[in-house]
Each structure stands twice: as C-alpha cells, then as structure tokens.
Amino acid sequence: LYYLLFQDGSAVAIKCADLSPCVHSVDGEDVHVGGCVHSLAWDPSGERMAIIFTDDSPGSELVAVFRTRLSPILELLPGGFVRGRHGELPVSIQFHTQGLEGTLLAVAWNSGRISFVLHRFTQCPVLPEVTSLSHQYNSNYTELFSI
C-alpha cells in the first residue's frame, strides 16, 4: 500500500504498509492474510482503515483493520480482523462516525448479511506488545479478534 505525496509539481510514492501474504498466530490458530486489495475504507476521522483482500488472496474471508496516524507521517498499525459466519466473504465496507465516540464499521457479506463493529478511540501514544484478544461466539455472530 502506497501513500502518494504531491509536492512542487511532482509526485512521490511512499510505501506505508506491506500487505503481502503473511501468517499471524491468534490463540494458537494460524491466520493467513494479505495480498491484493479488493477495497479499502478509511474512517472520516483518520483513526481507522479497513481492508478487504481479493478472493484469491489468503484471508479473503477477513476484513483487516488498522489504526492510522497522520502525523508526523502516515502510519498504519495492525489493529485486528473481522470474520463473518462460516463461508461468508466480505464484499463491501464503510465507516460511519456521526454522533459516536469512535467509528462504526459496516461490513456487507456475500450472504446478504450486514454486520456492524464499533471502534472506540483511546489516546495511546504507543501500541502495547502484540496481544491476542479473541471473542468466540457461536456461528450466528461476527467474530472480531486483535493481533
């Protein structure tokens, strides 16, 4: 993923995130994710970015969520993943912030179902060490887990 900077009549592409396929270990489970981006959404406050990968990419059943910083330079920090029901693939994502102390991520799945994930913002100058928070629900709910 590249950040395009236009300055003094020229353009510079700055690599801000390596989205090539990789493996994350979450609660003892290997999660394969990465590759070509199908679509991305950036919340209006600039605090979160969500990415859907193409169907032929590892982790195409997941929505990758990043914390973002705009200053002093654009930074994408791993935030976690959203997974739908068994067999569902995300087809569209959108953020909404009006009247919220954070942002609401809406995910449309190929089954026709829409799920909503609320993100509350906290002031944390540095992310803690990589942790695993897994909320296991039955198959009727969307799963959110963090890395």
Side-chain angles (χ1 to χ4, degrees), residues 1-5 11 13-71 73-147:
L1 192 59
Y2 291 87
Y3 167 67
L4 296 177
L5 177 64
I14 302 167
K15 189 174 188 177
C16 62
D18 181 2
L19 299 176
S20 57
C22 61
V23 179
H24 294 280
S25 181
V26 178
D27 289 341
E29 175 190 351
D30 285 344
V31 177
H32 299 262
V33 66
C36 296
V37 173
H38 169 66
S39 65
L40 64 86
W42 201 344
D43 90 278
S45 72
E47 294 275 341
R48 297 288 187 276
M49 179 182 287
I51 295 177
I52 298 174
F53 297 98
T54 57
D55 290 348
D56 59 344
S57 296
S60 61
E61 75 280 6
L62 303 172
V63 176
V65 179
F66 295 88
R67 294 178 60 185
T68 56
R69 289 189 198 160
L70 300 174
S71 181
I73 61 170
L74 176 64
E75 235 181 329
L76 297 179
L77 307 165
F81 303 100
V82 177
R83 177 184 294 160
R85 295 177 183 163
H86 180 74
E88 284 185 323
L89 297 174
V91 294
S92 182
I93 48 179
Q94 184 66 48
F95 283 104
H96 174 74
T97 58
Q98 187 174 351
L100 299 173
E101 293 178 12
T103 190
L104 186 65
L105 174 63
V107 182
W109 303 93
N110 64 345
S111 65
R113 188 174 69 92
I114 297 176
S115 61
F116 300 92
V117 181
L118 179 62
H119 297 262
R120 292 209 179 262
F121 301 149
T122 59
Q123 297 301 319
C124 181
V126 179
L127 282 178
E129 292 295 317
V130 174
T131 59
S132 172
L133 300 172
S134 180
H135 302 285
Q136 299 293 328
Y137 300 109
N138 67 38
S139 63
N140 292 329
Y141 295 94
T142 301
E143 180 181 1
L144 170 66
F145 53 99
S146 298
I147 56 171

J.: How far apart are the closest heavy atoms of V63 and A50, and which atoms are they?
T.: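 Heavy-atom minimum between the residues: CG1-CB, 3.8 Å.
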J.: Please check if the side chain of T103 supplies one atom and the backbone of H119 the other of a donor-acceptor pair under 3.5 Å.
T.: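 Absent.
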J.: If you compare all heavy atoms of C36 against all heavy atoms of S57, which two are closest, and at what distance to 0.1 Å?
T.: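 Distance-wise, the nearest heavy atoms are N-OG, 3.2 Å.
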J.: How long is the span from the CD atom in E88 to the CG atom in L62, to the nearest 0.5 Å?
T.: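 The CG atom of L62 is 12.0 Å from CD of E88, to the nearest 0.5 Å.
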J.: Hey, what do you get for OG (S115) to CG (L105), rounding to the nearest 0.5 Å?
T.: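 These two atoms lie 7.5 Å from each other.
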J.: To the nearest 0.5 Å, tell me how far E61 CD sits from W109 CH2.
T.: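 Taking CD in E61 and CH2 in W109, the distance rounds to 8.5 Å.
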J.: Can you check whether V23's main-chain N or O pairs, donor with acceptor, with D30's side chain at less than 3.5 Å?
T.: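 Not a single qualifying donor-acceptor pair exists.
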J.: State the CZ-CG distance between F116 and L118, to the nearest 0.5 angstrom.
T.: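 It is 11.5 Å, given to the nearest 0.5 Å.
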J.: Tell me which one of I52, I51, T54 satisfies side chain to side chain contact (heavy atoms under 4.5 Å, CB included) with S39.
T.: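 Exactly one option meets the side chain to side chain contact (heavy atoms under 4.5 Å, CB included) with S39, and it is I52.
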J.: I'd like to check R48 versus R67 (side-chain heavy atoms, cut-off strictly below 4.5 Å). Are they in contact?
T.: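 Yes, side chains in contact.
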J.: Do you know which two heavy atoms are closest between S60 and P90, and how far apart they sit?
T.: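 Distance-wise, the nearest heavy atoms are O-CD, 3.2 Å.
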J.: For the atom pair CE (M49) and CG (L40), what is the distance rounded to the nearest 0.5 Å?
T.: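 Reported value, rounded in 0.5 Å steps: 5.5 Å.
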J.: Grab the two heavy atoms, one from F95 and one from P44, that are nearest each other, plus how far apart they are.
T.: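 Answer, listing the atom of F95 first, then P44: CB-CD, 4.2 Å.
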J.: Is there side-chain contact between F66 and L1, with heavy atoms separated by less than 4.5 Å?
T.: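 SC-SC contact between F66 and L1 ruled out.
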J.: Using a cut-off of 6.0 Å, state whether more than 12 heavy atoms not belonging to Q94 lie near its atom CD.
T.: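 Result for CD/Q94: open.
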J.: Decide yes or no for F53 and H38: does some side-chain heavy atom of the first lie under 4.5 Å from some side-chain heavy atom of the second?
T.: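 No; the side chains remain at least 4.5 Å from each other.
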